[in-house]
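The chains referred to below are lettered A, B, ... by the order of the sequence lines, with proteins before strands, and numbering in each begins at 1.
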Amino acid sequence: MSELNELYQQMILDHNRRPRNFRAIEAPSRVQEGYNPLCGDRLTLYVTLDGDIVADVAFQGSGCAISKASASLMTEALKGKRVDEARALFDRFHRMITTPPDQPVEDLGKLSVLAGVREFPTRVKCASLAWHTMKTAVADETAGPVTTE
Amino acid sequence: MTAGAAGPRVAPYDVARVRGEFPILAQRVHGQPLVYLDNAATTQKPRAVLDALRTYYETANANVHRGVHTLSERATAGFEGARQTVARFLHAAEPREIIFTRNATEGVNLVAQTFGRQRVGAGDEVLVTAMEHHSNIVPWQMLCESAGARLRVVPIDDEGALRMDELRRLIGPRTKIVAVSQLSNALGTINPVAEIIAIAHEAGAAVLVDGAQAAYHMPVDVQALDCDFYVCTGHKLYGPTGIGVLYGKAAHLEAMPPYQGGGDMIASVTFEKTTYNVIPAKFEAGTPNIAGAIGLAAGLDYMTAIGMDRIQAHEQELLEYGTAALAAVPGLRLIGTAPRKASILSFVIDGIHPHDIGTIVDREGVAIRTGHHCAQPVMERFGVPATARASLALYNTREDIDRLVASLHTVHEVFG
């Protein structure tokens, strides 16, 4: 049970129930689809850029608690960040959730609640879907839909 | 009750003894005794199958249909003996109507790319149902695309039963092939395939029955059904992976072109002309999965020794028990409640994604499948992105169902 409680912490359950920035943005600078074919999770990420600052970011879609909470927490973390900071945060987050569970990881503040996913290798893709989608959204040239495959 | 009134005396179904024959079931997962309820994905293997594979490799391994040496004769006898076992199991008229494939999917593709290319032309139609596995949709889509034909789909009702009125309406003079599952992997619906076959034949269409799910849950008689083709897969029949079966009526198989070229499928080869072998060899190019076929036959023998009728009765009783038990779980909705069902309990729980359910019950040692079950059109029909699915086999027990239900209460606890 302890690993389960580590995964499904209150903050994750709360963001699953009441995802933040769960809406569409009209006329966004970037729109990107993300899809996890393993479980069917889908999301659409909207980003408004002001110069190279993420002025607004929001998402819509359906998915498991982990993917929804991860997307919700990500939108909170990104607002006001520069695009290069957003990309760097992708790398730090990705490192956190893919580091073996017996090794220490960087403290990423609220995002650290998702570190519990390391005990559940099949769920890492759920936690990373929104992040991969964001990375593509803020890349210089946007490609087709992002999948976690 | 006297023994005379009850008919011949049959020993009660001894599920504890059955379980003892499956070594993998004895283990613990996350500290809990394993409850394996993902049988629709693949079944576990009894010792008889594991022993058959080992014995083959230890005493008979050689290539088939080639050497005159003793081991090659043994391997050939084992492989062709397996074909006879499959023919008996499916009640085919002759063993040469049994083609060994990699899996059920390859059987569908073989028929689509040979029989299908011969039969289906521009403006023709292929009919499938809304509950098919992707493996019984995509090969037909590919055929229709290349032939300029149209894929039509028989809808299902809110319980997950096939709309037979729509099927009758959709079958017409342009329908060349009807492809239908006998038992839906996502819903558990049993389709009235004998009736469908009769309707299709009346309209001049041939029928392929996807028996991947059905063949390990109920007796199958391809002659009584009068189907043109029947596909199934070894790893769900308590046999190994990588071996499947295509049954086809001999007259069809003889008229069909080969699927793949190579060794074994030829009678003679020159650079000017190749003469193809007779069936079944014509459809088995290259060295086949010899051990797989022998292991599959051991799985079929294992089921036959218990009795398909008894297996079916045991699983049906469990399905009814499970249906009632799951109905009592708060917020749970069964997806697939057709009047005729077998072995599959597909469900969703309000506000909790199936993937989260799957992770939490796994920590209690309970293995279920979560996702779209390679049947995305079914998920769309019921307006869900995915379901959780418990699927039964001959070794499952009421205790397994009770453990599943208890683990679903844990899901509720975690999600508050």
With chain B as the partner, which of A:L7, A:T122, A:L13 has the greatest number of non-hydrogen pairs under 4.5 Å?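 That would be A:L13.
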
Please determine, among B:T370, B:D362, B:I360, the option with the most heavy-atom pairs under 4.5 Å with chain A.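 The option with the most such pairs is B:I360.
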
Nearest heavy atoms of [X] and [Y], plus distance in Å:
X      : Y      : value
B:Q376 : A:Y35  : NE2-OH, 3.3 Å
B:V414 : A:L4   : CG2-CD1, 4.5 Å
B:R363 : A:E119 : NH2-O, 3.2 Å

Can you confirm whether more than 12 heavy atoms, excluding those of [X], are under 6.0 Å from its [atom1] atom?
X      : atom1 : value
B:E145 : CD    : no
B:R19  : CZ    : yes
B:D158 : CG    : no
B:R333 : CZ    : no
A:E26  : CD    : no
A:K135 : NZ    : no

Output the distance between atom CD (A:E3) and atom OG1 (B:T359), rounded to the nearest 0.5 Å.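 Interatomic distance, A:E3 CD to B:T359 OG1, rounded to 0.5 Å: 12.0 Å.
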
Does any heavy atom of chain B fall under 4.5 Å from the side chain of A:R42, the backbone, both, or neither of them?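 Contact with chain B involves no heavy atom of A:R42 at all.
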
With a 4.5 angstrom heavy-atom cut-off, which part of A:I12 approaches chain B: side chain, backbone, both or neither?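 The answer is neither part of A:I12.
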
Test item: B:D356 side-chain N/O and A:C64 main-chain N/O as donor-acceptor pair under 3.5 Å: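 Side chain of B:D356 to backbone of A:C64, a donor-acceptor pair under 3.5 Å: no, none is there.
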
Test side chain to side chain contact (heavy atoms under 4.5 Å, CB included) on B:H353 and A:D41; report intermediate values, then the result. CA-CA 10 Å; B:H353 193 278; A:D41 286 1; 3.5 Å; yes

Region of B:H372 that comes under 4.5 Å of a non-hydrogen atom in chain A: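 Only the side chain of B:H372 comes within 4.5 Å of chain A.
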
